[in-house]
Amino acid sequence: MQKYNQQEVDCRRTFGIISHPDAGKTTLTEKLLLFGGAIQMAGAVKARKAARHATSDWMAMEQERGISVTSSVMKFNYRDYEVNLLDTPGHQDFSEDTYRVLTAVDSALMVIDSAKGVETQTRKLMEVCRMRNTPIITFINKLDREGLEPLDLLADIEETLQVECAPLSWPIGMGKRFKGTYNLYRKELLLFSPGKETRGSDLLRITDLSDPQLDQLLGSQAEELRHDIELLEGAANPFELEEYLKGNQTPVFFGSAINNFGVRELLDAFVELAPGPSARQTTTREVSPYEEAFSGFVFKIQANMDPMHRDRIAFMRICSGKFTRGMKMRHHRIGKDINVSNATIFMAQDRSNVEEAYPGDIIGVHNHGTIKIGDTFTDKEPLKFTGIPSFAPEHFRRVRLKNPLKVKQLEKGLVQLAEEGAVQLFRPLISSDYILGAVGVLQFDVIVSRLKNEYGVDALYEGIEYATARWIECADKKKLAEFEKKNQGSLALDAEGNLTYLASSDWRLGHVAEQWPEVKFHKTREHN
Ligand code: G4P
């Protein structure tokens with residue numbers, strides 16, 4: 001097949017950062033943006049984090065909604081590359097959002113605090129990356145502080161995350177004794193001076209580690225470095241690009257984001273090694289980024305700040321072809337063409353001049369309630385991209401109305417918020433209740449506030465005894481009918497009409513699953 005747009009596709013890198021809160025994601029993001037010259041955006045990233053500290057959690061969420069449309073996709077140029085950094089919400093209660101953002105990237109950067117090793121949130125996000133074999137580059141941060149031994153950190157990553165580590169740089173000491181890093185594949189020494197941001201001129205090319213220059217620069221730590229490298233040559237995995245691209249191996253860098261140390265090295269390796277836009281699977285075929293016909297899918301919907309307009313922005317990842325302002329595209333789920341004249345194209349600093357976007361880029365399309373997460377848009381061919389999951393909720397609430405006359409507005413609000421992915425909605429088979437399911441409880445606070453502000457509905461919650469949910473599938477129609485009859489009280493339909501089993505405990509779920517071996521209980525579900 002002829003490679004359409006080859007140059008535009010090959011120079012794009014679309015990625016997200018995965019980390020546990022406080023590992024240094026915000027700091028690293030800011031430094032990366034500064035290298036790309038996106039100075040204003042770097043400021044916004046910092047301000048956003050500051051807002052989170054300065055105000056209550058709730059206010060922070062509100063503010064975040066404001067800034068996050070602009071900082072949800074941070075686009076910058078670095079060398080000859082066009083980099084799209086997709087932001088992921090930091091709070092674990094919004095992890096479902098994060099999971100979906102990760103479906104729109106081609107690779108990820110994992111930040112680990114050298115004093116903490118692998119932490120829970122990183123582990124969960126890594127599981128998501130594994131679902132799509134997303135290639136990951138690791139940055140071990142905060143070497144300017146005392147931390148775990150580098151070899152122990154690698155062992156921790158390998159064991160906890162089940163991915164092979166291939167160190168591409170190696171730290172020389174840590175904390176007060178931190179002298180810098182040695183880049184193993186470029187054979188360059190990067191010297192660290194505390195409190196001073198590194199520039200390219202601090203790089204020394206030392207191809208032979210027995211070079212006496214090393215002793216002059218590092219003193220007794222030169223011997224330690226030689227010893228470490230010798231050890232690594234025997235013990236560590238050599239870097240293999242293929243294994244990294246398959247998600248089996250992660251190249252590892254060490255540094256200190258706050259000191260901007262090791263960040264350029266990381267960014268250089270990232271643009272060189274990380275994959276460009278990848279081919280994407282649909283229900284019928286794989287779509288290559290080099291195809292001429294346009295295609296894209298929606299992975300995130302963001303409520304707009306302006307309370308006067310109930311407008312939302314749908315974030316669409318372009319998978320093939322070229323987007324031009326004003327073009328028509330087909331919205332397959334509803335079978336209509338839409339004219340995308342006022343899309344926000346998340347592009348470099350100067351937005352006004354940008355009229356085109358390519359595979360790997362993200363565009364923001366105004367959504368008046370017709371676009372759902374997972375929707376596919378193309379030129380003509382009816383396609384449906386796969387791999388955009390919903391996760392079984394772990395928290396549940398029953399919704400009650402203060403004013404029963406508002407039931408229509410409530411229903412409308414809940415359906416739209418569910419389509420946006422802000423919460424999951426279930427309607428029990430045997431009652432007219434509205435049951436909400438969430439992966440994190442903060443989602444419930446957001447829903448109550450948005451129902452009030454955007455739909456004029458005062459809603460209350462009641463606790464409910466459910467602990468988990470599973471989507472039901474059964475090829476044998478007779479068995480399914482039997483299952484439904486026997487378990488009516490625990491069954492509900494989700495917002496898309498899929499049959500769901502709501503269980504009061506994991507034990508109960510296990511018990512029912514054992515009783516009904518023909519019935520499949522799914523923990524994740526693809527959007528219809
Ligand atoms: P996050 O987005 O992953 O949650 O982390 P963030 O970048 O906000 O960093 C968390 C804390 O770790 C911040 O300190 C930040 O300054 C610090 N930090 C980041 N990189 C490094 C590093 O390389 N070395 C050291 N020593 N610290 C680092 P804070 O006190 O929570 O906030 P702030 O007042 O410094 O902003």
Side-chain angles (χ1 to χ4, degrees), residues 17 19-32 34-35 46 49 53 109-119 122 137-157 165 167-206 209-233 235-236 251-269:
I17 300 184
S19 66
H20 191 84
D22 269 351
K25 186 181 83 166
T26 312
T27 312
L28 181 65
T29 302
E30 194 200 45
K31 304 295 178 197
L32 292 173
L34 290 172
F35 276 121
K46 226 177 167 182
K49 177 90 189 203
H53 280 300
L109 248 175
M110 172 163 76
V111 183
I112 286 182
D113 183 332
S114 71
K116 307 246 176 82
V118 177
E119 297 173 86
T122 315
I137 295 183
T138 301
F139 183 70
I140 298 186
N141 190 25
K142 307 196 187 180
L143 264 289
D144 57 318
R145 284 201 188 153
E146 292 301 322
L148 302 168
E149 285 301 325
L151 277 175
D152 292 342
L153 282 162
L154 299 190
D156 182 30
I157 296 171
C165 289
L168 290 188
S169 84
W170 197 251
I172 305 158
M174 66 170 93
K176 287 202 175 67
R177 293 181 76 242
F178 184 52
K179 287 278 173 358
T181 52
Y182 186 70
N183 189 317
L184 293 156
Y185 85 122
R186 290 207 174 156
K187 311 239 178 279
E188 280 168 356
L189 186 71
L190 188 59
L191 288 174
F192 175 67
S193 337
K196 194 179 120 219
E197 300 209 340
T198 6
R199 293 181 308 273
S201 54
D202 299 322
L203 271 177
L204 275 178
R205 227 182 129 64
I206 297 193
L209 283 174
S210 58
D211 190 333
Q213 238 197 113
L214 210 60
D215 301 273
Q216 283 165 18
L217 293 165
L218 302 174
S220 64
Q221 284 177 264
E223 245 345 273
E224 284 172 34
L225 175 66
R226 290 185 186 113
H227 174 259
D228 280 357
I229 303 293
E230 203 180 295
L231 201 76
L232 278 179
E233 272 164 8
V252 180
F253 289 85
F254 292 84
S256 167
I258 197 130
N259 291 293
N260 206 354
F261 186 84
V263 178
R264 182 185 283 273
E265 201 183 10
L266 174 74
L267 185 54
D268 279 327

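Position 1 is the first residue of the sequence; numbering continues from there. This one's a predicted model, so the numbers in the text were calculated from it and none came from an experiment. What's counted below: heavy atoms across the whole structure, side chains too, no hydrogens, waters or symmetry copies.
At a threshold of 4.0 Å, the pair K142-D22 does not count as salt-bridged, since none of the basic side-chain nitrogens sits closer than that to a carboxylate oxygen. Using a cutoff of 4.0 Å between basic side-chain nitrogens and carboxylate oxygens, E224 and R177 are scored as salt-bridged.
With Y182 as the fixed residue, the side chain to side chain contact (heavy atoms under 4.5 Å, CB included) test singles out one of L190, D228, L189: L189. V111 pairs with exactly one of T26, T29, L28, T138 by the side chain to side chain contact (heavy atoms under 4.5 Å, CB included) rule, that one being L28. For the side chain to side chain contact (heavy atoms under 4.5 Å, CB included) with M110, the qualifying choice from V252, I157, I17 is I157, the only one to do so. The one candidate from T181, L218, I172 that meets the side chain to side chain contact (heavy atoms under 4.5 Å, CB included) condition with L191 is L218.
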Check your understanding: Are N260 and L34 close enough, and set up right, to give a side chain to side chain contact (heavy atoms under 4.5 Å, CB included), and what steps lead you there?
Key -> CA-CA 10 Å; N260 206 354; L34 290 172; 5.7 Å; no
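At least one donor-acceptor pair under 3.5 Å links the side chain of S169 to the backbone N or O of F254. A donor-acceptor contact shorter than 3.5 Å is absent between the side chain of R264 and the backbone of F35. No donor-acceptor pair under 3.5 Å is formed between the side chain of R145 and the backbone N or O of S114. A distance-only check finds a donor-acceptor pair linking the side chain of N141 to the backbone of A23 [under 3.5 Å].
The shortest side-chain heavy-atom distance between L151 and L232 falls under the 4.5 Å cut-off. Looking at heavy atoms from C-beta onward, V263 lies out of side-chain contact with E30 at the 4.5 angstrom threshold. Side-chain contact between I112 and D156 is absent, with no heavy atoms from C-beta onward closer than 4.5 Å.
Remark: D113 CG to L153 CG distance equals 9.0 Å, nearest 0.5 Å. A distance of 10.0 Å separates CD1 in I206 from CD in E188, rounded to the nearest 0.5 Å. Rounding to the nearest 0.5 angstrom, the gap separating the CG atom in N259 from the CG atom in D144 is 5.0 Å. Interatomic distance, CG of L225 versus NZ of K179, reported as 12.0 Å (0.5 Å rounding). Atom CD of E146 is separated from atom NZ of K176 by 7.5 Å, given to the nearest 0.5 angstrom. Distance check, rounded to the nearest 0.5 Å: CD of E149 to CE of M174 gives 4.5 Å.
Nearest heavy-atom pair across A115 and L148 is O-CG, 3.9 Å. Residues P171 and L143 come closest through the heavy atom pair CB-CD1, 3.7 Å. The two atoms that bring T122 and S19 nearest to each other are OG1-C, 3.7 Å, heavy atoms only. Between C165 and L154 the shortest heavy-atom distance is SG-O, 3.8 Å.
By the 30° and 60° cut-offs, the orientation of the rings of F192 relative to F178 is tilted.
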